[in-house]
Amino acid sequence: QQQVKQSPQSLIVQKGGISIINCAYENTAFDYFPWYQQFPGKGPALLIAIRPDVSEKKEGRFTISFNKSAKQFSLHIMDSQPGDSATYFCAAGGNFGNEKLTFGTGTRLTIIP
Amino acid sequence: EAQVTQNPRYLITVTGKKLTVTCSQNMNHEYMSWYRQDPGLGLRQIYYSMNVEVTDKGDVPEGYKVSRKEKRNFPLILESPSPNQTSLYFCASSLRRGKETQYFGPGTRLLVL
C-alpha cells in the first residue's frame with residue numbers, strides 16, 4: 001500500500017528554470033513532510049522539511065508548498081542549476097503509533113545547460 | 001565527523017550463501033533502520049531498531065534478519081540470499097524515531113546471482 005505518491009518519475013529542466021516535484025499522501029495523521037536529495041553513489045540527505053502549520057517553507061532556492069486540504073505538497077527549485085541534478089524523495093511521517101517515515105518513489109531530476 | 005558507515009559498498013554473491021552487511025553510526029542515535037532502494041519503488045524500510053535489543057519489522061522484512069547488540073551497530077543479515085534481493089541497501093539512523101532527520105549511509109549495492 002503506497003501512502004505517498006510522487007510525480008513525475010523523471011524530470012528534465014533547463015538551467016535557470018523552475019523544477020517542480022509533487023507528492024500526495026493519504027493518511028491525514030501525517031504531520032511531518034521532509035524532502036531528501038540523493039546524488040549518484042550517495043545516500044539520501046535531508047534537504048528541507050515542513051510541518052502542516054504553515055503553507056510554505058523556503059530555504060534559498062528550495063521551497064516546499066503544502067496544501068493540507070488537498071493532501072498534497074510539492075518541492076519547487078528556483079533558478080535550477082546543473083548541480084541540482086539528483087534524485088529527490090518526498091516523505092511523510094507523524095505521531096500515530098507508527099512513526100516511521102514513508103517515502104515516495106523518487107524523481108530523477110536532470111538540469112541541462 | 002558524524003556519519004553512518006556501511007560495509008561492503010559492493011557485493012556480488014550467489015543464491016543461498018549467507019552474507020552480512022554491517023552498519024555503524026557515531027552519533028549516539030537511538031533509532032536505526034535498513035532500507036532497500038529499487039527503481040520505481042523508492043525507499044522501502046526492511047527493519048528498524050528503536051534501541052539496543054529492540055528491533056521490529058518494516059514494510060519488506062521477508063528474507064532478512066537484523067540484530068542490535070550495541071547502540072552504534074545494526075547489521076543486516078541475509079541468511080539465504082535470492083536474486084530478488086538484488087538491490088541497493090541503505091542504513092540510516094536518527095536521534096529518535098519519528099519526526100527527526102534521518103542520516104543515511106553511502107549504500108551497499110548487492111547482486112545475487
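Worth saying up front: this structure is predicted, and the values here are computed from it rather than measured. Proteins come first, then strands; the chains are lettered A, B, ... in the order of their sequence lines, and each starts at number 1.
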**Message:** Looking at chain A, which one of Arg109(B), Gln6(B), Gln37(B) has the largest number of heavy-atom pairs inside 4.5 Å, strictly under?
**Reply:**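 Heavy-atom pair counts peak at Gln37(B).
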**Asked** Between Ala92(B), Gly40(B), Gly107(B), Gly58(B), which has the largest tally of heavy atom pairs under 4.5 Å with chain A?
**Response**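 Greatest number of close heavy-atom pairs with chain A: Gly40(B).
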**Request:** Tell me, for Glu100(B) versus chain A, whether the close heavy atoms (under 4.5 Å) come from the side chain, the backbone, both or neither.
**Result:**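 Glu100(B) touches chain A through backbone heavy atoms alone.
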**Proximity breakdown for Arg9(B) and chain A, heavy-atom pairs closer than 4.5 Å** =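 Answer is side chain: those atoms of Arg9(B) sit under 4.5 Å from chain A.
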Tell me, yes or no, whether the heavy-atom count around [X] atom [atom1], taken from other residues, nucleotides or ligands under 6.0 Å, exceeds 12.
X: Met78(A); atom1: CE; value: no
X: Arg44(B); atom1: CZ; value: yes
X: Gln3(B); atom1: CD; value: yes
X: Lys71(B); atom1: NZ; value: yes
X: Ile12(B); atom1: CD1; value: no

Drop me the distance from [X]'s [atom1] to [Y]'s [atom2], to the nearest 0.5 angstrom.
X: Tyr35(B); Y: Phe103(A); atom1: OH; atom2: CZ; answer: 4.5 Å
X: Leu46(A); Y: Gln102(B); atom1: CG; atom2: CD; answer: 10.0 Å
X: Gln38(A); Y: Phe90(B); atom1: CD; atom2: CZ; answer: 4.5 Å
X: Leu43(B); Y: Thr87(A); atom1: CG; atom2: OG1; answer: 10.0 Å
X: Thr101(B); Y: Leu101(A); atom1: OG1; atom2: CG; answer: 9.5 Å

**Prompt:** So which part of Arg108(A) gets closer than 4.5 Å to some heavy atom of chain B, the side chain, the backbone, both or neither?
**Reply:**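 Neither; nothing under 4.5 Å.
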**Item:** Portion of Pro34(A) that has a non-hydrogen atom of chain B nearer than 4.5 angstrom
**Value:**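 Contact with chain B: none, neither part.
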Does [X] belong to the same Ile/Leu/Val/Met/Phe/Trp/Tyr cluster as [Y], with side-chain heavy atoms less than 4.5 Å apart forming each link?
X: Tyr88(A); Y: Ile20(A); value: no
X: Met32(B); Y: Leu78(B); value: yes
X: Leu75(A); Y: Tyr25(A); value: yes

